[in-house]
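Letters A, B, ... are given to chains in the order of the sequence lines, protein chains preceding strands, and every chain is numbered from 1.
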Amino acid sequence: MTPEVLARSLTRWFQKSRRDLPWRAVDPSTGQRKPYHALVSEFMLQQTQVARVLEFFPVFLQRFPTVESLAQARDEHVLAAWAGLGYYRRARLLHAAARTIVGEFSGRIPDDPETLRQLPGVGAYTAGAMASIVFGARVPAVDGNVVRVLLRVHGRAGAADDPRSLRFVHARASELVAVARHPGVVNEGLMELGATVCTPANPRCGACPWAAGCIARRDERTRDIPRPKRSPRVTGLVLRCAVVTDARGRVLLERAPAGALWAGLWRLPTAEMTPRRLAAALGLAGVSLRRAGRARATLSHRQVELRLWRGHAANPTACRAEDRRWFDLAALRRAGVSSAHRQALAGLLDAEPKKRPRRAPGPRSRQ
DNA sequence: AACGCGTGGGG
DNA sequence: TCCCCAAGCGT
């Protein structure tokens, strides 16, 4: 099928089937989407599904309604609003981008892809998406969905992360936006098609506007295109974590240092190695620690086991240290804490309904 | 260029 | 339970 035919049928399909997502709302005063809302949504959507972002987007915007409010915010508060969404570097990069936008562009979000690309956390995809979807620029926006959809419709074999596949897809996407009436609609339509119809497994070809001309479907190769990527190896990681409370029921947390997992978020005092005397190694001299179960977290590249050690601090000030703080339960709920640590703390937070109150029995092995 | 970085839903 | 993976980016 020619680019013209593809662009036209995709546009028609998208205008009929597009989901009503909050970041797609048009600002009546400008007739376009709010650039700041689009920016926040694009950062959240990096490697993250729509359903997940829907939970966080409105809350984040309520907390930081404008790019100025985000730029002025403290890093810790931005991280707290991101807690649970994952890939926390995005929160720092979005924060930095907001500061650049306010500091260098008077709070106006750039509208051309080259300038957008200079912002922290904005790569080729996000720059293309912002420029085309918000500002109408005639540039492609190639994400994982677009790669899959275009490889399939053209019947092009290859892995999704193969540079040759990506060059091919970029060329096809460029043809589409070149002939499109609304480049942003074509780009967003491609992603929508990949997310809702041309899915990795069990594509719903019956609902696809391109089904009649799809080469992969004709050749019954949708299952083989794209070839699966080489999966990164997942390594195990064991962390010893102290769950220490004081007489008022407050729990002691520390900020995960740069370079650590969940960098910048609050975590339980943690040791990676097995120290002879855990409490002393954690700077908790005088606290008697007892084994208290474990929590597991599966990350993209890491299988983490948190071995929990419970203790009480008779003298809270003795446990103070740089980047450590006592949290009461209310503060704990508001704090920037990863889902893994939130799960580990679930026992303390039982006022809060947890989806998975997994509580493994204590292992016999020494921790 | 390959790797590090979270999370929860679905098959 | 296990495996796949989703609107990527920085280094």
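- Put simply, the side chain of A:Arg90 and the base of C:dC9 share no donor and acceptor less than 3.5 Å apart.
- Closest to the side chain of A:Tyr125, from the set B:dC5, B:dT7, C:dC9, is C:dC9.
- Closest to the side chain of A:Gln46, from the set B:dG9, C:dG10, C:dC9, is C:dC9.
- Side-chain nitrogen and oxygen atoms of A:Ser338 include none within less than 4.0 Å of the OP1 or OP2 phosphate oxygen of B:dG6.
- As rounded to whole Å, 9 Å separates atom P of B:dT7 from atom CG of A:Leu261.
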Protein-nucleic acid N or O pairs under 3.5 Å, nucleotides 2-6 of chain C:
from, atom 1, to, atom 2, distance (Å)
C:dA6, O4', A:Gln49, NE2, 3.1

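- Here the C1' atom of nucleotide B:dT7 and the CG atom of A:Leu54 are 15 Å apart, to the nearest Å.
- Regarding A:Gln303, its CD atom lies at a distance of 14 Å from the P atom of B:dG8, rounded to whole Å.
- One atom, CZ of A:Arg52, and another, P of B:dT7, lie 10 Å apart when rounded to the nearest Å.
- For A:His301 and B:dA2, the NE2 to P distance is 18 Å, given to the nearest whole Å.
- Heavy atoms of A:Val122 sit under 4.0 angstrom from primed sugar atoms or phosphate atoms, though from no base atom.
- Residue pairs meeting the side chain to side chain donor-acceptor pair (under 3.5 Å) criterion with at least one member in residues 93-102 of chain A, sequence neighbours excluded, are A:Asp75-A:His95, A:His95-A:Arg99.
- For the residue pair A:Thr48/A:Arg90, the side-chain donor-acceptor check at 3.5 Å is satisfied.
- The backbone N or O of A:Ala271 sits nowhere less than 3.5 Å from a side-chain atom of A:Arg240 that would complete a donor-acceptor pair.
- Ranked by how close their nearest DNA chain B nucleotide is to the 5' end, A:Ala263 and A:Asn202 are led by A:Ala263.
- Using a cutoff of 4.0 Å between basic side-chain nitrogens and carboxylate oxygens, A:Glu188 and A:Arg33 are scored as salt-bridged.
- Where A:Trp23 and A:Pro120 meet DNA chain C, the nucleotide closest to each residue was compared, and A:Trp23 sits on the side nearer the 5' end.
- Residue A:Phe43 is out of contact with every strand shown, counting any heavy-atom pair closer than 4.0 Å.
- Residue A:Leu21 is in base contact, counting any heavy-atom pair closer than 4.0 Å across all strands shown.
- At whole-Å resolution of the value, CG in A:Leu237 and P in B:dG4 are 12 Å apart.
- Between the CD atom of A:Gln343 and the C1' atom of B:dT7 there is a distance of 12 Å, given to the nearest Å.
- Counting non-hydrogen atoms under 4.0 angstrom, A:Arg267 reaches nothing in the nucleic acid.
- The residues A:Arg19 and A:Glu192 are annotated as salt-bridged, a charged nitrogen and a carboxylate oxygen being separated by less than 4.0 angstrom.
- Remark: A:Arg181 engages no residue in a salt bridge (Lys or Arg N to Asp or Glu O under 4.0 Å) (not counting sequence neighbours).
- Distances shorter than 4.0 Å separate none of the side-chain N or O atoms of A:Arg302 from OP1 or OP2 on B:dG4.
- Contact check on A:Glu114 versus A:Arg117 returns no salt bridge, with no Lys/Arg side-chain nitrogen under 4.0 Å from an Asp/Glu carboxylate oxygen.
- Residue A:Gln118 contributes atom CD, which lies 14 Å from atom C1' of C:dC9 at whole-angstrom precision.
- Applying the 4.0 Å criterion to OP1 and OP2 of B:dT7, one finds that A:Trp82 has every side-chain N and O outside that range.
- Taking atom P in both B:dG6 and C:dT11, one finds a spacing of 15 Å when rounded to whole Å.
- In A:Arg24, the CZ atom is crowded: over 12 heavy atoms of neighbouring residues, nucleotides or ligands sit closer than 6.0 Å.
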